[in-house]
S.K.: 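Sharing a structure here in structure tokens format.
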Amino acid sequence: EIKAPVAMLSTAAGGVFNEGGYAGNVGYGVLHRFNLVLDYPHKQLFVEPNAAAGTPDVHDRAGLWIERVDKGFELIEVVPGGAGAQAGLKKGDVVVAVDGVPATEIKLPELRDRMRAAPGTKLRLNLADGRERTVTLKDQI
């Protein structure tokens, strides 16, 4: 049993997320709470709860899909209506500083963790084009 999983429902009109045989993607939010045992000879997968099984599943509250680039972090996707979109961020923006700290000094997992902070937490982002935006984190639903 997986209690209160975070889910993303695809509205893709093409690509892998729109293929008929694609049922879904179990992400890290679920998988980190279980040990997976693959029994190749019998073509079975066993999923066993681990010490993190009871921890809540918290997803990005900024509504941003980010990746590391030379200058900092590029916004690969901005969730429509999400906190990042409400702050005026758009796909392709490059974050060069977070709360005054150069992005080159911040590890990607660290920033992703910060984007899962409590609703209402503010992140001040400086962009490569000179703009500054404040993102107020919120649950996406």
S.K.: Apart from Ile76 itself, which Ile, Leu, Val, Met, Phe, Trp or Tyr residues share its cluster (side-chain heavy atoms under 4.5 Å, direct or through members)?
M.R.: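 Via sub-4.5 Å side-chain contacts, Ile76 links to Trp65.
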S.K.: With sequence neighbours left out, write down each residue that passes salt bridge (Lys or Arg N to Asp or Glu O under 4.0 Å) with Glu48, or none if nothing qualifies.
M.R.: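 Per chain and number, Glu48 pairs via salt bridge (Lys or Arg N to Asp or Glu O under 4.0 Å) with no residue.
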S.K.: Which atom pairs, donor and acceptor, lie under 3.5 Å between side-chain atoms of residues 38-46 and protein residues at least two apart or in another chain?
M.R.:
unit_1: Asp39; atom_1: OD1; unit_2: His42; atom_2: N; d: 3.4
unit_1: Asp39; atom_1: OD1; unit_2: His42; atom_2: ND1; d: 3.1
unit_1: Asp39; atom_1: OD2; unit_2: His42; atom_2: ND1; d: 3.0

S.K.: Could you pull out all residues at least two apart from Lys122 that satisfy side-chain hydrogen bond (donor to acceptor under 3.5 Å, both in side chains)?
M.R.: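 With neighbours one apart ignored, the set is Thr136.
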S.K.: Between Arg33 (side chain) and Gly54 (backbone), is there a donor-acceptor pair under 3.5 Å?
M.R.: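 Side chain of Arg33 to backbone of Gly54: no pair is present.
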S.K.: Give me the atom names and distance for the closest heavy-atom approach of Ala103 to Gly72.
M.R.: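 It is CB-CA, 3.6 Å.
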S.K.: Please enumerate all residues that pass side-chain contact (heavy atoms from CB on, under 4.5 Å) together with Asp139, with sequence neighbours excluded.
M.R.: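 Partners of Asp139 under the side-chain contact (heavy atoms from CB on, under 4.5 Å) test: Arg61, Pro119.
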S.K.: Got a sec, which hydrophobics cluster with Val94, joining ILVMFWY side chains under 4.5 Å apart, including via others?
M.R.: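 Joined to Val94, directly or through intermediates: Val69, Val96.
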S.K.: My understanding is that only residues two or more places apart in sequence, or in another chain, count here; which of them pass salt bridge (Lys or Arg N to Asp or Glu O under 4.0 Å) with Arg131?
M.R.: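 Scan of Arg131 (salt bridge (Lys or Arg N to Asp or Glu O under 4.0 Å), adjacent residues dropped) gives Asp93, Asp129.
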S.K.: What pair of heavy atoms forms the shortest contact from Pro49 to Ala53, and how long is it?
M.R.: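 Minimum heavy-atom separation between Pro49 and Ala53: CB-CB, 3.7 Å.
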S.K.: Quick one: side-chain contact (heavy atoms from CB on, under 4.5 Å) partners of Ala51, sequence neighbours excluded?
M.R.: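 Once residues adjacent in sequence are excluded, Ala51 has no partner under the side-chain contact (heavy atoms from CB on, under 4.5 Å) criterion.
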S.K.: Just to verify, what does Arg124 make a salt bridge (Lys or Arg N to Asp or Glu O under 4.0 Å) with, not counting sequence neighbours?
M.R.: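 With sequence neighbours excluded, Arg124 shows a salt bridge (Lys or Arg N to Asp or Glu O under 4.0 Å) to Glu132, given in chain and number order.
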S.K.: Under the rule for side-chain contact (heavy atoms from CB on, under 4.5 Å), what residues qualify as partners of Gln86, not counting sequence neighbours?
M.R.: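 Residues passing side-chain contact (heavy atoms from CB on, under 4.5 Å) with Gln86: Lys138.
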S.K.: Give me the other members of the hydrophobic cluster that Val78 sits in, counting Ile, Leu, Val, Met, Phe, Trp and Tyr linked by side-chain heavy atoms under 4.5 Å, directly or via other members.
M.R.: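 Leu64, Ile66, Phe73, Leu75, Leu89, Val95, Val98, Val101, Ile106, Leu108, Leu111, Met115, Leu123, Leu125, Leu127, Val135, Leu137, all in the cluster of Val78.
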S.K.: Suppose we screen for salt bridge (Lys or Arg N to Asp or Glu O under 4.0 Å). Which residues come up paired with Glu105, at least two apart in sequence or across chains?
M.R.: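 With sequence neighbours excluded, Glu105 shows a salt bridge (Lys or Arg N to Asp or Glu O under 4.0 Å) to no residue whatsoever.
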S.K.: Are Glu77 and Lys90 within salt-bridge range, i.e. N to O under 4.0 Å?
M.R.: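 Here Glu77 does not pair with Lys90 in a salt bridge, since their nearest N and O are not under 4.0 Å apart.
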